[in-house]
Amino acid sequence: METRWTDLLRAAISIRENELSSVTLLRRLGNHSRKNRLYRAFRELGRAIRTITLLRYLVVKFNELLANCVIYSTACDITDAANAIAAEGHPVDTDDLATVSPYITHTIRRFGNWTLNLTPPAAAPTTRLDLEPRVLFAP
């Protein structure tokens with residue numbers, strides 16, 4: 001692609017200046033021109049652009065996944081805190097509980113400072129978000 005860069009630019013400028021129609025170029029670079037150097041250069045350029053687009057998409061999806069994991073972890077922490085308050089015998093008001101959100105967008109950094117510990121946990125983690133009955137129905 002590097003050796004044919006000037007040819008690629010010449011074709012692009014010719015199309016922009018209306019000296020060559022894109023239809024004519026596509027007809028010349030049709031299925032029967034796989035040995036054509038300009039065809040191969042355009043094909044490699046297209047592959048590079050597609051790869052860059054896919055990598056950008058993956059970064060966006062990774063950020064969304066990380067945000068969802070943070071929200072899920074916060075929801076688990078809120079559930080554990082409500083269960084602990086109920087276990088101590090204090091009533092948990094459902095109206096107060098309804099105002100707590102795992103997705104806080106102000107006064108904190110969205111992702112905070114994260115340190116990754118990649119060692120597996122000693123015991124299987126619990127992933128239930130169920131509130132115990134004493135949280136919703138005070139004795």
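The first residue of the sequence shown is numbered 1, and numbering continues consecutively from there. In this text the structure is predicted, and so the values were computed from the model without any measurement.
- When the side chains of ILVMFWY residues are joined at heavy-atom separations under 4.5 Å, either directly or via intervening members, Phe62 and Tyr57 end up in two distinct hydrophobic clusters.
- Under a cut-off of 6.0 angstrom, the local environment of CZ in Arg37 is sparse, with at most 12 non-hydrogen atoms contributed by other residues, nucleotides or ligands.
- Annotation: the span from Arg10 atom CZ to Trp5 atom CH2 amounts to 13.5 Å, rounded to 0.5 Å.
- Side-chain contact between Thr51 and Leu55: present, with at least one pair of heavy atoms (C-beta onward) separated by less than 4.5 Å.
- Rounding to the nearest 0.5 Å places OG1 of Thr79 at 8.0 Å from CG of Leu97.
- The distance from atom OG1 of Thr53 to atom CG of Leu58, rounded to the nearest 0.5 Å, is 11.0 Å.
- In this structure, the side chain of Thr74 engages the main chain of Val70 through a donor-acceptor pair within 3.5 Å.
- How far CG of Asn36 is from CZ of Arg4: 8.5 Å, rounded to the nearest 0.5 Å.
- Between atom CG of residue Leu8 and atom CD1 of residue Ile13 there is a gap of 11.0 Å, rounded to the nearest 0.5 Å.
- Linking Ile, Leu, Val, Met, Phe, Trp and Tyr whenever their side-chain heavy atoms come within less than 4.5 Å puts Leu38 and Ile49 in one cluster.
- Of all heavy-atom pairs spanning Val92 and Ala86, the tightest one is CG2-N, 4.2 Å.
- Note that CG of Leu9 and OG of Ser14 are 10.5 Å apart. Values are rounded to the nearest 0.5 Å.
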